[in-house]
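Below you'll find the structure, written out as structure tokens, and then a few comments.
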Amino acid sequence: HFSPGSAVNSLLNTTMKLAIAFSVLASASAFAPHQSVGYTAATSSTALSMKYKVAVVGGGPAGACAAEIFAQEKGIDTVLFERKLDNAKPCGGAIPLCMVGEFDLPETVVDRKVRKMNLISPSGAEVAIGDTLQPDEYIGMCRREILDKYLRDRAFGYGAECVNGLVTSIDVPEDHKTTEKQYTINYQEYQEGSSAGVPKTMNVDLIIGADGANSRVAKSMDAGQYNFAIAFQERIKIPDDKMKFYEEMAEMYVGDDVSPDFYGWVFPKYDHVGVGTGTVVNSPAIKQYQKAIRDRAGDKIAGGKIIKVEAHPIPEHYRPRRVQGRIALVGDAAGYVTKCSGEGIYFAAKSGRMAAEEIVKLMDGGKHLPTQQEIENTYIKKYDAAYGPTYFVLDALQKVFYVNNGAREAFVELCNSKYVQQVTFDSYLYKKVQGNNPLDDLKLLGETIGCLIKGYANAKPDAVFSNPVESQKRI
């Protein structure tokens with residue numbers, strides 16, 4: 001998935017803090033009482049004769065971080081399935097500073113340290129943000145082929161078994177919620193130098209689905225559907241003198257020309273820039289929007305050579321069912337990508353680690369297989385309590401600031417506020433709400449209303465498009 005949101009997440013978060021405060025507090029409810037549903041004894045004494053086997057399907061940040069936790073448990077055999085071990089996944093690549101420390105990432109994983117961001121409105125008004133950052137603070141920009149490999153290799157180092165294979169289907173016993181019957185994973189295993197896969201099967205006791213927006217695991221467990229955006233990105237190699245401008249700089253463009261419901265971006269990579277956009281409501285026009293973002297960037301990327309074109313779906317909300325029996329979804333497969341910004345890397349890694357940690361506790365050294373209700377009462381409850389309000393807030397803010405050019409003009413103007421910049425950058429970098437000065441919050445609410453009125457009065461009307469199937473068929 002693309003994760004081009006970075007500081008945008010938090011910039012949006014601050015602007016309507018007062019209006020949604022009560023809703024946020026209400027959504028962060030206490031955990032439900034623990035209730036356990038017992039299993040019928042398995043036909044074989046699996047727990048006594050051998051280790052339980054856990055399969056993690058998908059080797060991105062979610063899967064790798066889950067496998068790392070499971071692999072450290074002596075009573076668990078961990079298998080990680082990944083089809084493309086050298087995959088350069090389409091992704092904006094932004095990670096918050098707290099992720100570097102929390103997941104012990106080395107400097108070599110971070111291509112660029114972004115300390116400045118330009119926000120450009122539909123009319124071309126620019127706001128530069130980043131002055132509030134401390135010298136040691138930054139937004140990390142990475143390439144997924146580098147980050148994912150590092151996280152996978154760490155899991156393998158702890159003892160996780162690597163299967164270079166594509167999971168095609170999973171046989172789920174009808175009574176898997178009340179027995180310890182194993183799941184059968186059907187997959188194609190690939191050997192180096194061969195493009196043809198060898199059909200194989202593997203029986204496992206528990207499955208973590210970390211296989212992205214088009215998850216085969218989700219399909220096998222009947223997790224339900226979700227809406228998704230299409231994100232499109234071109235990696236563009238630009239001349240060295242132009243690359244210097246983006247050394248610590250990222251750009252975000254808003255306007256109906258680059259997207260009717262998202263935004264366009266220029267993000268720095270190791271030796272090139274990622275230029276892209278996305279949309280939910282009008283994906284047939286994605287190439288038109290991509291041309292517009294290139295045109296808006298203009299001379300800053302002129303003379304560049306497109307070295308890679310990539311596209312990928314971004315989930316818009318949670319799956320209806322994230323746990324079924326002993327199958328649990330994490331990352332994009334679960335729908336853990338924020339509205340407005342499309343940030344997903346941190347939430348993928350965090351959900352993978354959190355799910356594995358809670359399941360390991362429930363397994364009690366390999367003595368017990370957790371039930372669906374036990375997993376829901378731990379992993380799901382804790383994740384939703386920690387991050388549910390964030391998804392709720394950003395969903396609401398997208399409906400305010402991404403609806404038309406007037407609202408987009410207001411959003412960019414609001415970002416002139418140093419208070420907005422300070423609170424939102426801090427909230428993004430550390431994934432904790434910062435600031436909360438009541439007087440400044442009250443002032444900000446007034447500024448928000450004023451900017452919206454001004455934006456609506458002066459902005460050019462949005463272009464009309466017709467795409468009734470995608471824009472009206474919502475799940």
Checking the side chain of [X] only, and the main-chain atoms of [Y] only, is there a donor and an acceptor separated by less than 3.5 Å?
X: T338; Y: E343; value: yes
X: R112; Y: Y270; value: yes
X: Q421; Y: C415; value: yes
X: H317; Y: Y226; value: no
X: Q290; Y: V275; value: yes
X: R319; Y: G224; value: yes
X: R152; Y: L85; value: yes
X: T277; Y: V258; value: yes
X: S351; Y: V330; value: no
X: R321; Y: D222; value: yes

Inset, instruction - Ignoring hydrogens and angles, state whether a donor on the side chain of T168 or Q188 is under 3.5 Å from an acceptor on the partner side chain. - result: no
Inset, instruction - Answer yes if the ring centres of Y391 and Y387 are under 6.0 angstrom apart, and no otherwise. - result: no
Inset, instruction - Would you confirm whether the ring centroid of Y289 sits within less than 6.0 angstrom of the ring centroid of F262? - result: no
Inset, instruction - Using a strict cut-off of less than 4.0 Å between a Lys/Arg side-chain nitrogen and an Asp/Glu carboxylate oxygen, indicate whether E145 and R235 qualify as a salt bridge. - result: yes
Legend entry - Electrostatic pair D211-K219, nearest N-O below 4.0 angstrom: no
Legend entry - Residues, nucleotides or ligands: over 12 heavy atoms within 6.0 Å of F103 CZ: yes
State, to 0.1 Å, how close [X] and [Y] come at their nearest heavy-atom pair, and which atoms those are.
X: S259; Y: G278; result: OG-O, 2.6 Å
X: G335; Y: P315; result: CA-CB, 3.7 Å
X: A333; Y: L329; result: O-CD1, 3.5 Å
X: I307; Y: K237; result: CG2-CB, 4.0 Å
X: I345; Y: A94; result: CD1-O, 3.9 Å
X: K399; Y: V403; result: O-CG1, 2.8 Å

Nearest-0.5 Å distance that lies between atom [atom1] in [X] and atom [atom2] in [Y]:
X: N458; Y: N405; atom1: CG; atom2: CG; value: 12.0 Å
X: D261; Y: N404; atom1: CG; atom2: CG; value: 12.5 Å
X: L105; Y: C142; atom1: CG; atom2: SG; value: 8.5 Å
X: R143; Y: D148; atom1: CZ; atom2: CG; value: 12.0 Å
X: I301; Y: I236; atom1: CD1; atom2: CD1; value: 4.5 Å
X: Q422; Y: F425; atom1: CD; atom2: CZ; value: 10.0 Å

Are the side chains of [X] and [Y] in touch, meaning some heavy atoms are under 4.5 Å apart?
X: H272; Y: K308; value: no
X: I185; Y: F81; value: yes
X: E409; Y: P122; value: yes
X: D153; Y: F156; value: yes
X: V309; Y: F232; value: yes
X: D462; Y: P260; value: no
X: K381; Y: E376; value: no
X: V412; Y: I120; value: no

Could you list the donor-acceptor pairs under 3.5 angstrom formed by side chains in residues 241-250, with sequence neighbours left out?
residue : atom : partner : partner atom : Å
K242    : NZ   : D299    : O            : 2.9
Y246    : OH   : E251    : OE1          : 2.8
E248    : OE2  : R115    : NH1          : 2.9

Inset, instruction - Hey, can you tell me if W265 and Y263 have their rings parallel, tilted or perpendicular (30° and 60° cut-offs)? - result: perpendicular
Inset, instruction - Could you please spell out the steps behind the side-chain contact (heavy atoms from CB on, under 4.5 Å) verdict for T78 and Y158? - result: CA-CA 10 Å; T78 306; Y158 280 116; over 6 Å; no
Legend entry - Working for side-chain contact (heavy atoms from CB on, under 4.5 Å), residues M221 and I207: CA-CA 10 Å; M221 66 182 268; I207 299 173; over 6 Å; no
Legend entry - Residues in side-chain contact (heavy atoms from CB on, under 4.5 Å) contact with R83, at least two apart in sequence or another chain: N164, L166, Y190
Inset, instruction - Show your working on side chain to side chain donor-acceptor pair (under 3.5 Å) between R322 and Y336 and close with a plain yes or no. - result: CA-CA 11 Å; R322 288 170 282 162; Y336 295 151; 3.0 Å; yes
Inset, instruction - With side-chain contact (heavy atoms from CB on, under 4.5 Å) as the test, would you mind laying out the steps for I359 and I208 before giving the verdict? - result: CA-CA 10 Å; I359 290 171; I208 299 295; 3.8 Å; yes
Donor-acceptor contacts, no H, no angles, side chain residues 126-136, under 3.5 Å, sequence neighbours left out:
residue : atom : partner : partner atom : Å
D131    : OD2  : K418    : NZ           : 3.1

Inset, instruction - Quick one: do E107 and K113 satisfy salt bridge (charged side-chain N to carboxylate O under 4.0 Å, His left out)? Show the steps, please. - result: CA-CA 10 Å; E107 292 271 322; K113 296 179 178 180; 2.8 Å; yes
Legend entry - Audit row: F401, V254, side-chain contact (heavy atoms from CB on, under 4.5 Å) steps and yes/no: CA-CA 10 Å; F401 288 108; V254 291; over 6 Å; no
